[in-house]
**Student:** 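Below is a structure I'd like to ask you about.
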Amino acid sequence: MTDASTVSHPDPRPQEIRHDFKNAEPRWQAAWEGRACFAVPDVPPAGAKKYYVLEMFPYPSGKIHMGHVRNYTLGDVVARYKRARGHMVMHPMGWDAFGLPAENAARERGIHPGTWTYQNIANMRAELKRMGLSIEWAREFATCDVEYYGRQQKLFLDFFKAGLVERKESWVNWDPVDGTVLANEQVIDGRGWRSGALVEKKQLSQWFFSITKYAPDLLEALGSLDRWPDRVKLMQANWIGRSEGARVRFRLAATVAGTEEVEVFTTRPDTLFGMSFLAVAAEHPLAAAAAARDPRAAEFVAECRRMGTSEAAIEQAEKRGYDTGFRVAHPFIEGATFPVWIANFVLMEYGTGAIFGCPAHDERDFEFATKYGLGITPVVLPPGANPAGFALGDKAYTDDGAIFNSGFLDGLDVPAAKRRAIEALEAKGQGTGVVNWRLRDWGVSRQRYWGCPIPFIHCEACGVVPVPDEQLPVKLPEDVDFSKPGNPLDNHPTWKHVACPSCGKPARRETDTCDTFVDSSWYFARFCSPRAEAPVTRAAVDAWLPVDQYIGGIEHAILHLLYSRFFTRGMRDTGHLTVAEPFEGLFTQGMVTHESYKDPEGRWLYPEEVEFNLAPDGTRSGVVKGANTPVTIGRVEAMSKSKRNTVDPGAIIDKYGADTARWFILSDNPPERDMEWTEAGVAGAYRFTQRIYRLAATALPGLPPAGTPAEGAAGAARKLRQVTHRTIAAVTEALDGFAFNVAVARIHEFANAIGDAAEGDGMGAAKREALEAIARLSSPMMPHLAEELWSLLRPGEENLVAQLPWLEADPALLKAESLTLAVQVLGKLRGTIEVPVDADEATIFAAAEAEENVQRTIAGKPIRKRIHVPGRVVNFVV
RNA sequence: GCCCGCCUGGCGGAAUGGUAGACGCAGCGGACUUAAAAUCCGCAGUCCGCAAGGGCGUGGGGGUUCGAGUCCCCCGGCGGGCACCA
């Protein structure tokens, strides 16, 4: 042993070899850019295998957050991997740039929504670029670009001509103080978020897309979406909500405002004999008729109007009703009549806005009838119950059984009774069997400035006139005043005054703008030819659509995805494209979560405001930095600004680099699940990036020249080669299955194996092969480090890793010589045996029985059954 | 309220119905260092036991099976969506 103090060390000690990410990451980003590694043509050449990777585009809030980092890292891994697998990959990025926050900024800070939005986009683009994503930025656009929303107006008009657009009355949240339509999120406990005024429902004439025309197809086609998560398909199916039932017309005992009948929709015509009341929505004409002559009915209707328009608010409200005094005749029971109530739980939008109540067999009806003392007549007998003494408990009975108390339906089961009841209704001309859909038409009108203007003109003489194509785009005016309440477009002094395109007389522009869901319903198609004059170029969309892999949050499982599916069908039927389904593969990622912190006064604290202590027993506690007051460490929850539990990706990239951020966000857990962001986890990921760099850098001087074949190795070198090729196979399988955390784990194990490899013949070549493999296998996840390693191992190489094909495992090195089998007795593990791969069953059973601990457990008892699962397990039943 | 998920060591998680806890984080012990950081080596579900080994263990309860984290039923907790947030 040499005395270290007397010997100089010309070489740096291994731990001082460091990967300089600050220098390397921008360098490799520039190299990819310089070689246009990610550019693809609008129309791929014949024979190219196209692959369209798309992540849900972000709302430009101003800063990227960890949810974005996760989303775009996942997409980038797929894009880089598919590129390496020989696909021509399109991977674009854009901005979902219209929406409420820009208007809020305008009202709060006096900044123009456009200025605010484009500044935010510039910031976020710079942040995204630092992540080293393989995005083709030349395709970028924002939905608030007139070049985009002008084309959207063209689509709107084409949809109108195709009969997919209608005007209808519908209800909105109205703030009577601010004179504004409120979004559901702006209604807090029934009051306007700014004014605090009680919100009312108000009826407006609005624009609708006829999504219900496609309801059967949207439901049916879910079956063909093989690469969508089942739960998303299930949620969509439930949302579309096909149900079979009947429309039943009830004759009113006396004519009300010229009406003689009320029509209800029911899925349970079998329970008609259990009817005890009829209920209508507060918006139903009968409710209006009652209100017109009964002030208390009017008061109840007005109260219902204060309930908000969201389904959750309506269904969670206490069930309340008002007896109108009207009565209806029962279709089957001669002479029987029942009261007509107005009920707050009946939805005008669903079915006919009226129901018949059968409390014995419907939970909501039961609750309502119990509250108001209405009759409860059971008509479905649960199996095994006695019809004579049968009484309901404190709940409705909603399952199948034998019909009783029901005249001609008695004795039938529920499905048969439904059919018979419908036959009888049809025979009497009092109803028909129908299929009803829960899905409603898509109301796209918004009374706001920062959105795509709906291209129509209202003329007193000609009615609603579409803006002629040659007058498109209808541009938003720049000079808008946000100081007045209401819609700035409506308030604008000149913008809305135009000549009618049809008769030339003074007319008025439509001042409603589009729901921002419209913007996001076709952006994936626009990316295929982002600068085209038309909304899309046929050759480009025909070549690139559908999106092969779409990635985004589960929170979009229903609305955005369903609207996009509708829009694609609409574009198909108006000749813009050919496909019906926009997204062939869908992956829904989980949220990024973080601990939350509160000070003694209950105020939320940012993580950097907290100083942590670790007690010897492992419990963590915290104090407010500087103040030394105790901090409550709260639940791990979705990162949000209001809870201040956010972590700024920019700061993480500054400190550790993009590769580390990407590696950690992939390594921690499966991408479909929520993940917790922890500082310790990032630090661990950073250490790993340094570790592989060091592994390569320290081994380099001992490696044979690049290109030295590793074939024919034996002993330790062969073992390492087996690990290399098994890792290639395992990482490939993991990436194919979106199991990125497993891919990361395999690469960790691989790094451990390279570090542990003993010296031996051929080890140099085996190590070179292993190190080159680890660089290339980790390249979809850590692209900059991969390039750095590759350039270290293969200086002067023509291609970047980003341009190389994926590695193939050598099947000869995947085969094992022997395998370990678990031996169980009665399903409990008692030992393991090592057998040659080609051992026959008799040999295996003999070896298993001979195992010492197995012998002891069997203890001479007769073996009744021997089970052998090849390659896995042997089980003895004694 | 309705629809859809999720629940495994101190923590994140792994596991075609077949050795539960791979891999990582945190922790502990050791090496290196004047020291620290960094790095390297090792230990580690839990209880009993010197050990060999055994008991218990995948939110709780039941079931199917030679065998259940995995399949079925019930219950609990947490989360997403509910049509004008995106």
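By convention in this document, chain letters (A, B, ...) are assigned in the order of the sequence lines, proteins followed by strands, and residues within each chain are numbered from 1. As the structure is a prediction and not an experimental result, all values here were calculated from the model.
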**Student:** Consider the side chain of A:Glu311, meaning its heavy atoms from C-beta on, and name the nucleotide among B:rU16, B:rG1, B:rG53 that approaches it most closely.
**Tutor:**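 Given the options B:rU16, B:rG1, B:rG53, the side chain of A:Glu311 is closest to B:rG1.
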**Student:** Can you figure out which of B:rG80, B:rC66, B:rA83 approaches the side chain of A:Lys865 most closely?
**Tutor:** B:rC66
**Student:** Please work out if A:Ala312 contacts a base, only the sugar-phosphate, or nothing of the nucleic acid, heavy-atom cut-off 4.0 Å.
**Tutor:**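 Base, at least one base atom sits under 4.0 Å.
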**Student:** Answer yes or no: is there a side-chain heavy-atom contact under 4.5 Å between A:Phe345 and A:Ile355?
**Tutor:** yes
**Student:** Would you call A:Arg364-A:Glu367 a salt bridge at under 4.0 Å N-O?
**Tutor:** no
**Student:** Are the aromatic ring centres of A:Phe98 and A:Tyr149 under 6.0 angstrom apart?
**Tutor:** yes
**Student:** Check the chi torsion on B:rG9 and let me know: syn if it falls within 90° of 0, anti if not.
**Tutor:** syn
**Student:** Just wondering, do A:Leu100 and A:Trp450 contact through their side chains at under 4.5 Å, heavy atoms?
**Tutor:** no
**Student:** I want to know whether A:Phe738 and A:Phe740 have ring centres closer than 6.0 Å.
**Tutor:**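 Here the rings of A:Phe740 and A:Phe738 have centres that are less than 6.0 Å from each other.
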**Student:** So A:Asn875, base contact, sugar-phosphate only, or nothing? Heavy-atom distance under 4.0 Å.
**Tutor:** base
**Student:** Tell me, do A:Phe845 and A:Phe876 make a side-chain contact under 4.5 Å, heavy atoms counted?
**Tutor:** yes
**Student:** Nearest to the A:Gln824 side chain among B:rG53, B:rG1, B:rA20, which nucleotide is it?
**Tutor:**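 Nearest listed nucleotide: B:rA20.
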**Student:** Return the 5'-most residue of the pair A:Asn752, A:Lys319 with respect to RNA chain B, ranking by each residue's nearest nucleotide.
**Tutor:** A:Lys319
**Student:** Should A:Arg107 and A:Glu103 count as an ion pair when the cut-off is N to O under 4.0 Å?
**Tutor:** yes
**Student:** Other residues, nucleotides and ligands only: do more than 12 of their heavy atoms fall within 6.0 Å of NZ on A:Lys63?
**Tutor:**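 Incorrect, the count does not exceed 12.
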**Student:** Does B:rG57 have OP1 or OP2 sitting under 4.0 Å from an N or O in the side chain of A:Lys828?
**Tutor:**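 Answer is no, no contact under 4.0 Å.
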**Student:** Using a heavy-atom cut-off of 4.0 Å across all strands, would you classify A:Val172 as base, sugar-phosphate, or nothing?
**Tutor:**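 A:Val172: base contact, heavy atoms under 4.0 Å.
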**Student:** Could you tell me whether A:Asp441 and A:Lys168 have a side-chain N and a carboxylate O separated by less than 4.0 Å?
**Tutor:** yes
**Student:** Using a 4.0 Å heavy-atom cut-off across all strands, classify A:Val181 as base, sugar-phosphate, or nothing.
**Tutor:** base
**Student:** A:Asn853 has a side chain; which of B:rU19, B:rA83, B:rG54 sits nearest to it?
**Tutor:** B:rG54
**Student:** Would you check if A:Leu826 and A:Thr857 make a side-chain contact, meaning some heavy-atom pair closer than 4.5 Å?
**Tutor:**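 They are not in contact (no side-chain heavy atoms under 4.5 Å apart), so the answer is no.
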**Student:** On a plain distance test, is the side chain of A:Glu363 in donor-acceptor contact with the base of B:rG1 below 3.5 Å?
**Tutor:**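 Per atom types, no contact qualifies.
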**Student:** Just to be sure I understand the rule, does A:Pro670 reach a base, reach only the sugar-phosphate, or reach nothing, if contact means heavy atoms closer than 4.0 Å?
**Tutor:** sugar-phosphate
**Student:** Is the distance between the ring centroids of A:Phe567 and A:Phe209 under 6.0 Å?
**Tutor:** yes
**Student:** Please list, pair by pair, any protein nitrogen or oxygen found under 3.5 Å from a nitrogen or oxygen in nucleotides 3-7 of chain B.
**Tutor:**
from	atom 1	to	atom 2	distance (Å)
B:rC3	O3'	A:Asn238	ND2	2.8
B:rC3	O2'	A:Asn238	ND2	2.6
B:rG5	O2'	A:Arg231	NH1	3.2
B:rC7	OP1	A:Arg673	NH1	3.4

**Student:** Which ones in residues 741-751 of chain A lie close to RNA chain B, meaning a heavy atom under 4.0 Å from one of its atoms?
**Tutor:** A:Asn741, A:Val742, A:Ala745, A:Arg746, A:His748, A:Glu749
**Student:** Between A:Glu200 (side chain only) and A:Asn173 (backbone N and O only), is there a donor and an acceptor less than 3.5 Å apart?
**Tutor:** no
**Student:** Side chains of A:Asp175 and A:Ser195 only: does a donor on one sit below 3.5 Å from an acceptor on the other?
**Tutor:** yes
**Student:** Classify the nucleic acid contact of A:Arg448 as base, sugar-phosphate or nothing, counting any heavy atom under 4.0 Å across all strands shown.
**Tutor:**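 Base contact.
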**Student:** Can you sort out which residues in residues 184-194 of chain A have a heavy atom within less than 4.0 Å of RNA chain B? Ascending by number, please.
**Tutor:**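 By residue number: A:Asn184, A:Glu185.
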**Student:** Does B:rG24 have OP1 or OP2 under 4.0 Å away from a side-chain N or O of A:Ser667?
**Tutor:** no
**Student:** Mind checking A:Arg438 for me? I need base, sugar-phosphate or nothing, with any heavy atom below 4.0 Å counting as a touch.
**Tutor:** base
**Student:** Any side-chain heavy-atom pair from A:Thr689 and A:Phe21 closer than 4.5 angstrom?
**Tutor:** no
**Student:** Taking any heavy-atom pair under 4.0 Å as a contact, classify A:Val877: base, sugar-phosphate, or nothing.
**Tutor:**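 Answer is sugar-phosphate: A:Val877 comes under 4.0 Å of backbone atoms only.
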**Student:** With heavy-atom distances below 4.5 Å as the criterion, would you say the side chains of A:Val232 and A:Ile554 are in contact?
**Tutor:** yes
**Student:** Hey, does the side-chain of A:Arg866 have a donor or acceptor N/O within less than 3.5 Å of a partner on the base of B:rC66?
**Tutor:** no
**Student:** Check every strand shown and say whether A:Glu349 touches a base, only sugar-phosphate, or nothing at a heavy-atom separation below 4.0 Å.
**Tutor:**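 If one applies the 4.0 Å heavy-atom cut-off, A:Glu349 turns out to touch nothing in the nucleic acid.
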**Student:** Can you tell me the distance, in whole Å, between the CZ atom of A:Phe57 and the C1' atom of B:rC85?
**Tutor:**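 Whole-Å distance recorded here is 14 Å.
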**Student:** Mind checking whether A:Asn120 and A:Ser61 have side chains closer than 4.5 Å, heavy atoms only?
**Tutor:** no
**Student:** If you measure from the P atom in B:rG59 to the same atom in B:rG10, how many Å do you get, rounded?
**Tutor:**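 Pairwise P distance, B:rG59 against B:rG10, rounds to 13 Å.
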**Student:** What is the separation between atom CE on A:Met781 and atom P on B:rC23, rounded to the nearest whole Å?
**Tutor:** 17 Å
**Student:** What pairs with A:His560 under side-chain contact (heavy atoms from CB on, under 4.5 Å), at least two apart in sequence or on another chain?
**Tutor:** A:Met56, A:Phe517, A:Ser520, A:Tyr523, A:Tyr550, A:His556, A:Ser564
**Student:** With the sugar-phosphate defined as primed atoms, P, OP1 and OP2, and the base as all remaining atoms, what B/S/- string results for nucleotides 40-50 of chain B, 5' to 3', for protein heavy atoms under 4.0 Å?
**Tutor:** SS---------
**Student:** To the side chain of A:His556, which of B:rU39, B:rA86, B:rG18 is closest?
**Tutor:**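 The closest nucleotide is B:rA86.
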**Student:** Could you provide the dot-bracket string of RNA chain B, using ( ) for intrastrand pairs, [ ] for crossing pairs and | for bases paired to another strand, with Watson-Crick or G-U pairs below 3.5 Å?
**Tutor:** (((((((..(((.....[....))).(((((.......))))).((((....))))..(((((..]....))))))))))))....
**Student:** If I pick the P atom on B:rA44 and the same atom on B:rA52, what distance separates them, to the nearest angstrom?
**Tutor:**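 Here B:rA52 and B:rA44 have their P atoms 11 Å from each other.
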**Student:** Of A:Asn487, A:Thr513, A:Asp512, A:Asp515, which meets side-chain hydrogen bond (donor to acceptor under 3.5 Å, both in side chains) against A:Arg446?
**Tutor:**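 Exactly one pass, corresponding to A:Asp515.
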**Student:** Pick base, sugar-phosphate or nothing for A:His560, based on heavy-atom distances below 4.0 Å to the nucleic acid.
**Tutor:** nothing
